[in-house]
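Single-structure report; data block below.
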Amino acid sequence: MERRLFLATGAVLAVGGGLSPFTGGGDRAAAAERVEAGGGLPARAEIIAVLRRVADHWIGAHTDPGDNKWARATFFSGLLALHRLTGEPRYAAYARGWAEKHDYGLNDGATTRHADNQCAGQAYLDLYGLDRAPDEAKIAALDASVRAMVDSVADKHDDWTWDDALHMAMPPFARLGAVRGDDAYATAMHAFYSHTRNAEGGPGLYDAASGLWYRDKRFLPGGIVSPDGRPVLWSRGNGWVAGAHAKVLAALPADHRHAPAYRAALLTELRALRRLQRPDGFWNVNLGDPRHLPGPETSGTVFFLFATAHALRTGLVPARLFRPVAARAWHALVTHALHPDGFLGYVQPEGDRPESGQPVGRDTTADFGVGGLLLAGTELAALVG
């Protein structure tokens, strides 16, 4: 994790205060009023300016593009989304350098069944799609890994035992099916998904009472609870779930037989999240207990914003109710978590529960949080564009 000095004007800010990168220091009150009025969203050019600053800061601070595990792969998923939005060649070049460093391979090799290892395939598919004449070598390892699971799904479909796995693996399944023109990928994906949702740990990780998801079976009723005895519904875990549904719906045909189930699941989660959004625009690290580690947290918030913006853009949710949700989240991120030079703070580090990597502060960042902001911002730019 990189820590560095930042401008005096970027010193610790009160929620809703400080320098707004998209309004200018003299227009902070107007920006806050704009959010409360329900309009709230900045212009496309202003969003892109923020995203460029964030991407450029990360690239400048990381001359080595890093490993091909899930966290760095999530950053590259966001960076390539920004490349598609802006056409900036530096972003594609940086991503290609990373992929070539790893020979377009997967962590633990092409025989892996672990969802985390398949996450890099999302960026490989992005790079594959940029080629005028697509190079099969770029997705060969991913396809070998996923195809083996597709072919054996009748015998084994219980690999995704934690909710993060949905974001890491479902988009590669759906997108490979589209590339190959083979519905077997989506069929297998739904079998794996259904186990996670409805059977893992007994009842499945989806909690119908809240509309949210448990991270894994340890947190199911009767298991781990907060210090006050309330459920642990981890923000980032639910962010992965929301992001997975949005990405899969973008990859599947609108009339695919499983698309209605994914749309309904995303809508249910977004309705629950709307009720739980904090007044400052963030979401708590434990959605089941606002008293449990109550400070702001970015990595859940960016994926909730990404999924909300996608749902708004595609007409899944009403603008009257959800556009203010997106506006408050964006305002919180750029005024409170984002430093003037593009460093993104309040990102909870890698872990598996609200306590992981605590305490979280303005100088706490991580690659997947930055990638999540780039994904959210590009979807928001498409919404307002």
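Note that the structure is predicted; figures quoted are calculated from it, not measured.
Rounded to the nearest 0.5 angstrom, W283 CH2 and L273 CG are separated by 6.0 Å. If you take CG on L80 and CG on L130, they are separated by 6.5 Å, rounding to the nearest 0.5 Å. To the nearest 0.5 angstrom, H102 atom NE2 is 9.0 Å from N107 atom CG. The distance from the CD1 atom of I47 to the CG atom of L383 is 8.0 Å, given to the nearest 0.5 Å. Rounding to the nearest 0.5 Å places OG1 of T196 at 11.5 Å from CG of D216. H331 NE2 to H336 NE2: the interatomic distance, rounded to the nearest 0.5 Å, is 11.0 Å.
A distance below 6.0 Å separates the ring centres of H245 and Y193. Taking the centre of each ring, Y128 and Y104 stay at or above the 6.0 Å mark.
Residues R218 and D352 are in side-chain contact: their nearest non-hydrogen atoms beyond the backbone lie under 4.5 Å apart. Within the 4.5 Å cutoff, the side chain of V248 has heavy atoms near those of the M189 side chain. Side-chain contact check for K247 versus Q122: some heavy-atom pair is nearer than 4.5 Å. A 4.5 Å side-chain heavy-atom check between H190 and Y262 finds at least one atom pair inside the cut-off. Residues L375 and V302 have side chains not in contact (no heavy-atom distance under 4.5 Å, counting atoms from C-beta outward). L127 has its side chain out of reach of D131: every pair of non-hydrogen atoms, C-beta onward, lies at least 4.5 Å apart. Using a 4.5 Å heavy-atom threshold, the side chains of W330 and V50 count as touching. Counting heavy atoms from C-beta on, the side chains of L333 and L338 never come closer than 4.5 Å.
Between the side chains of S356 and Q358, no donor N or O sits under 3.5 Å from an acceptor N or O. Looking only at atom types and distance, the side chain of Y185 has a donor-acceptor partner in the side chain of D143 under 3.5 Å away. A donor-acceptor contact under 3.5 angstrom links the side chains of Y91 and D56, judged on distance only. Side-chain atoms of D183 and H256 form a donor-acceptor pair, as typed in the model, at a separation below 3.5 Å. Checking D207 against S210 by side-chain atom types alone, a donor-acceptor pair falls below 3.5 Å. Using modelled atom types, one finds no donor on one side chain facing an acceptor on the other under 3.5 Å when comparing E88 with H83.
Formation of a donor-acceptor pair under 3.5 Å by the Q348 side chain with backbone atoms of T298 is not found in this model. A donor-acceptor pair under 3.5 Å is formed between the side chain of T365 and the backbone N or O of L344. A donor-acceptor pair under 3.5 Å is absent between the side-chain atoms of E200 and the main chain of G204, judged by distance alone. Side-chain atoms of Q118 never come within 3.5 Å of backbone atoms of G121 as a donor-acceptor pair (strictly under, hydrogens ignored). Judged by distance alone, with hydrogens and angles left aside, the side-chain atoms of D103 form no donor-acceptor pair with the main-chain N or O of G105 at under 3.5 Å. E379 places no side-chain N or O within donor-acceptor distance of the main-chain N or O of A376, the cut-off being under 3.5 Å. S145 places a side-chain N or O within 3.5 Å of a backbone atom of T112 that can act as its donor or acceptor partner. The closest donor-acceptor contact from the side chain of R274 to the backbone of E269 lies at 3.5 Å or more, if one exists at all. Looking at H167, its side chain never comes within 3.5 Å of a backbone N or O of T74 through a donor-acceptor pair.
Taking the ring-ring contact (aromatic ring centres under 6.0 Å, His included) definition, one finds that F75 meets it with W58, sequence neighbours left out.
Residues L166 and L305 share a single hydrophobic cluster, defined by chaining ILVMFWY side chains whose heavy atoms lie under 4.5 Å apart. Linking Ile, Leu, Val, Met, Phe, Trp and Tyr residues whenever their side-chain heavy atoms come within less than 4.5 Å places V153 and V146 in a single cluster. Follow the hydrophobic side-chain contacts under 4.5 Å out from L233 and you reach L276 in the same cluster. At a threshold of 4.5 Å between side-chain heavy atoms, the hydrophobic network of Ile, Leu, Val, Met, Phe, Trp and Tyr places V360 and L293 in two separate groups. V225 and W234 are not part of a single hydrophobic cluster, where members link through side-chain heavy atoms under 4.5 Å apart.
Using a cut-off of 4.0 Å between Lys/Arg side-chain N and Asp/Glu carboxylate O, D289 and R291 are scored as not salt-bridged. Using a cutoff of 4.0 Å between basic side-chain nitrogens and carboxylate oxygens, D182 and R147 are scored as salt-bridged. The pair D67-R72 does not count as a salt bridge, with every side-chain nitrogen at least 4.0 angstrom from each carboxylate oxygen. Remark: R175 engages D126 in a salt bridge, criterion side-chain N to carboxylate O under 4.0 Å. Between D164 and R215, at least one side-chain nitrogen of the basic residue sits less than 4.0 Å from a carboxylate oxygen of the acidic one, meeting the salt-bridge criterion. Taking 4.0 Å as the cut-off between side-chain N and carboxylate O, R180 and E136 count as a salt-bridged pair.
The heavy-atom pair separating Y94 from H62 by the smallest distance is OH-O, 2.6 Å. Residue A251 comes nearest to A174 through the heavy atom pair CB-CB, 3.9 Å, listed as atom of the first residue, atom of the second, then distance. In this structure, F303 and G239 approach most closely via the heavy-atom pair CB-O, 3.4 Å.
Atom CZ of R271 sits in a sparse spot, with 12 or fewer heavy atoms from other residues, nucleotides or ligands closer than 6.0 Å.
Classification of the W162-H114 ring pair by plane angle, with boundaries at 30° and 60°, yields tilted. Between H157 and F192, the angle of the ring planes goes over 60°, which puts this pair in the perpendicular group of the 30/60° scheme.
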Checklist entry - Stepwise, does the side chain to side chain contact (heavy atoms under 4.5 Å, CB included) test hold for L106 with Y124? => result CA-CA 10 Å; L106 304 182; Y124 297 162; 4.1 Å; yes
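The side-chain hydrogen bond (donor to acceptor under 3.5 Å, both in side chains) with H292 is formed by just one residue from the set N286, D228, N284; it is N286. Each of F306, W213, W70 was scored for a ring pair (Phe, Tyr, Trp, His ring centres under 6.0 Å) with W240, with one residue passing: W70. With L266 as the fixed residue, the side-chain contact (heavy atoms from CB on, under 4.5 Å) test singles out one of V317, L249, V241: L249.
The cationic group of R328 does not satisfy the cation-pi geometry with F282, failing either the under 6.0 Å distance to the six-membered ring centre or the 45° limit from the ring axis.
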